[in-house]
**Student:** 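One structure is given below, represented as structure tokens, and several questions about it will come after.
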There are 2 protein chains.
Amino acid sequence: MISKIIEHLLHYISLSSDEITAISESIPIQSFSKGSILLKEGEVSKHAYFNIKGCVRLYYLIDGEEKTTFFYTENQFITSIKSFTNRVPAHHFLECVEDCTLGVLSYEAEIYLLKKFPKFEYLSRILLEEELGHYQDMLSTYITTKPEDRYKKLLKLNPQLLQRIPQYQLATFLGVTPESLSRIRKRIIQ
Amino acid sequence: MISKIIEHLLHYISLSSDEITAISESIPIQSFSKGSILLKEGEVSKHAYFNIKGCVRLYYLIDGEEKTTFFYTENQFITSIKSFTNRVPAHHFLECVEDCTLGVLSYEAEIYLLKKFPKFEYLSRILLEEELGHYQDMLSTYITTKPEDRYKKLLKLNPQLLQRIPQYQLATFLGVTPESLSRIRKRIIQ
DNA sequence: TCCATTTCTTACCTTTAGTCAATGAAATAT
DNA sequence: ATATTTCATTGACTAAAGGTAAGAAATGGA
């Protein structure tokens with residue numbers, strides 16, 4: 001089977017067989033069981049990941065409470081960009097919410113790929129532009145809507161996600177406590 | 001005087017005199033008076049900007065209310081990335097909060113620069129990585145803190161900004177109404 | 001300088017979220 | 001299968017934010 005990663009990248013760029021080989025060899029595919037920690041607070045992120053299957057969440061540990069700020073699902077790149085590119089400790093955790101199949105790109109492999117195939121600079125730029133667009137949208141959504149609206153939006157645009165993650169993780173992702181999300185759900189149904 | 005833009009870019013990359021000339025010619029410097037609208041909701045963003053002097057805010061018009069989601073100050077790039085790169089209408093406005101001096105990069109000029117100097121792909125990637133890092137941090141801050149904490153943080157880390165922008169714009173940026181920000185300020189002082 | 005406009009503050013009341021504790025449901029492990 | 005732990009809901013109370021309206025302060029022109 002042609003890798004899911006290659007398939008995804010072909011949406012953005014054409015790839016020679018050399019390039020496909022290099023990518024396949026540089027980004028090994030690994031399985032992680034539910035609950036696996038990909039990155040701990042205080043560690044320097046050594047890998048970026050491409051999510052082939054499963055769900056990974058990004059969370060902060062603040063006063064003993066986990067605050068989820070992102071869920072990565074199929075066909076998304078998972079990067080703790082500041083830690084990964086600047087080699088500084090991360091302030092968050094990455095955890096598999098489900099059993100996951102991920103492409104694993106080490107820092108060294110990224111450097112190698114970018115050096116060997118300058119074309120990948122273009123690809124990186126395009127992917128980053130897309131990712132940045134998502135983040136601009138998300139930040140705007142946070143500033144301009146209330147938790148209830150964000151829940152409704154998620155319910156409408158991404159109902160499958162709600163089936164995959166526990167509600168207490170969703171709650172902090174929406175910016176409220178689990179109790180409040182429970183009340184929001186109650187309010188909406190009636 | 002060497003352009004502020006060149007000066008800024010030299011933090012990331014070395015530039016030949018050819019490259020400096022190309023950048024200088026592709027990114028003309030323009031003045032905008034306070035209140036100027038750089039981008040309207042519904043328009044396709046035709047320019048990216050580099051902020052040499054002044055302050056530009058990004059805001060949404062929602063049910064007749066302006067909700068500010070970003071303030072761009074000196075040495076920041078201003079891009080409505082989704083609209084600019086995908087040639088689709090923006091959902092927000094860009095407005096000068098002060099008299100501004102901006103470098104203006106048209107879509108065509110960006111294409112030209114990237115084509116003529118492949119090295120700029122690298123530069124773009126680095127700048128985007130940095131920008132994405134900021135957005136990841138901001139999103140996290142929004143999810144994990146309350147408005148009062150965000151105000152205190154801004155007061156500590158960027159007190160000058162508070163002197164430059166009206167409080168009702170700051171309020172929506174913090175995710176509250178102007179009245180609530182007024183109450184937060186009162187709470188803190190006492 | 002004065003007037004008009006804009007911005008900020010305050011008061012009152014309503015709505016929503018946070019906190020803490022208890023209970024019930026669901027998932028997990030042995 | 002049962003026991004244990006984890007998760008979701010609910011209630012009672014507290015804290016914070018929203019809505020509305022009025023007035024004070026600041027700003028900007030003419």
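Please read these numbers as outputs of a predicted model, since none were measured by experiment. Residue numbers begin at 1 in each chain, while the letters A, B, ... track the order of the sequences.
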**Student:** May I ask you to verify if any side-chain N or O of Ser182(A) is less than 4.0 angstrom from the OP1 or OP2 atom of dT9(D)?
**Tutor:**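 Yes, such a contact exists.
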
**Student:** Run the numbers on Ser180(B) and Thr177(B) for side chain to side chain donor-acceptor pair (under 3.5 Å), then give the verdict.
**Tutor:** CA-CA 5 Å; Ser180(B) 286; Thr177(B) 59; 3.2 Å; yes

**Student:** Quick check on dT28(C): is either OP1 or OP2 less than 4.0 Å from any side-chain nitrogen or oxygen of Lys34(A)?
**Tutor:**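 Checking dT28(C) against Lys34(A), a side-chain N or O does come within under 4.0 Å of OP1 or OP2.
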
**Student:** Between Gln167(A) and Thr177(B), who's closer to the 5' end of DNA chain D by nearest nucleotide?
**Tutor:**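 Taking each residue's closest nucleotide, the earlier one in sequence belongs to Gln167(A).
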
**Student:** Do NZ/NE/NH1/NH2 and the carboxylate oxygens of Lys119(A) and Glu19(A) come within less than 4.0 Å?
**Tutor:**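 So Lys119(A) pairs with Glu19(A) through a salt bridge.
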
**Student:** Given atom CZ of Arg185(A) and atom P of dA25(C), what is their separation to the nearest angstrom?
**Tutor:**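 After rounding, the gap between these two atoms is 16 Å.
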
**Student:** Send over the distance from Ile184(B) CD1 to dC8(C) P, rounded to a whole Å.
**Tutor:**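 Roughly 14 Å, once rounded to whole Å.
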
**Student:** Assuming nearest nucleotide by heavy-atom distance, tell me which of Val176(B) and Ile165(A) is located more 5' along DNA chain D.
**Tutor:**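 With Val176(B) and Ile165(A) compared, the 5'-side residue is Ile165(A).
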
**Student:** Return no unless some side-chain N or O of Lys186(B) is found under 4.0 Å from OP1 or OP2 of dA11(C).
**Tutor:**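 Answer yes for this pair, as a side-chain N or O of Lys186(B) is under 4.0 Å from OP1 or OP2.
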
**Student:** Rounded to the nearest Å, what distance is computed from the NZ atom of residue Lys146(A) to the P atom of nucleotide dG18(C)?
**Tutor:**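 It is 14 Å, rounded to the nearest whole Å.
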
**Student:** OP1, OP2 of dA17(C) versus side-chain N and O of Arg187(A): anything below 4.0 Å?
**Tutor:**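 Looking at the OP1 and OP2 atoms of dA17(C), one of them is under 4.0 Å from a side-chain N or O of Arg187(A).
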
**Student:** Nearest to the Arg183(A) side chain among dT10(D), dC8(C), dT10(C), which nucleotide is it?
**Tutor:**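 Per side-chain heavy atoms of Arg183(A), the pick is dT10(D).
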
**Student:** For Glu65(A) and dA17(C), give me the distance from atom CD to atom P, rounded to whole Å.
**Tutor:**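 Result: 17 Å.
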
**Student:** Keeping the roles fixed (side chain from Thr101(B), backbone from Ser31(B)), state whether a donor-acceptor pair exists under 3.5 Å.
**Tutor:**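 No, Thr101(B) side chain to Ser31(B) backbone: no donor-acceptor pair under 3.5 Å.
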
**Student:** Check the distance between dA8(D)'s C1' and Tyr151(A)'s OH and give it to me in whole angstrom.
**Tutor:**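 Taking OH of Tyr151(A) and C1' of dA8(D), I get 12 Å after rounding.
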
**Student:** Using whole Å, report how far CD1 of Ile62(A) lies from P of dG18(C).
**Tutor:**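 Atom-to-atom, Ile62(A) to dG18(C), this comes out as 14 Å.
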
**Student:** Whole-Å distance between dT7(C) P and Glu179(B) CD?
**Tutor:**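 From Glu179(B) CD to dT7(C) P: 13 Å.
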
**Student:** Is the NZ or CZ atom of Arg57(A) positioned over Phe70(A)'s six-membered ring, under 6.0 angstrom from the centre and within 45° of the axis?
**Tutor:**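 Judged by the rule (NZ or CZ under 6.0 Å from the ring centre, within 45° of its axis), Arg57(A) is not positioned above Phe70(A).
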
**Student:** Given atom CG of Leu162(B) and atom C1' of dC8(C), what is their separation to the nearest angstrom?
**Tutor:**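 The distance from CG of Leu162(B) to C1' of dC8(C) comes to 15 Å, rounded to the nearest Å.
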
**Student:** If every non-hydrogen atom of Lys82(A) is compared with every non-hydrogen atom of Val88(A), which pair is closest and at what distance?
**Tutor:**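 Smallest heavy-atom distance, with atoms named: O-CG2, 3.8 Å.
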
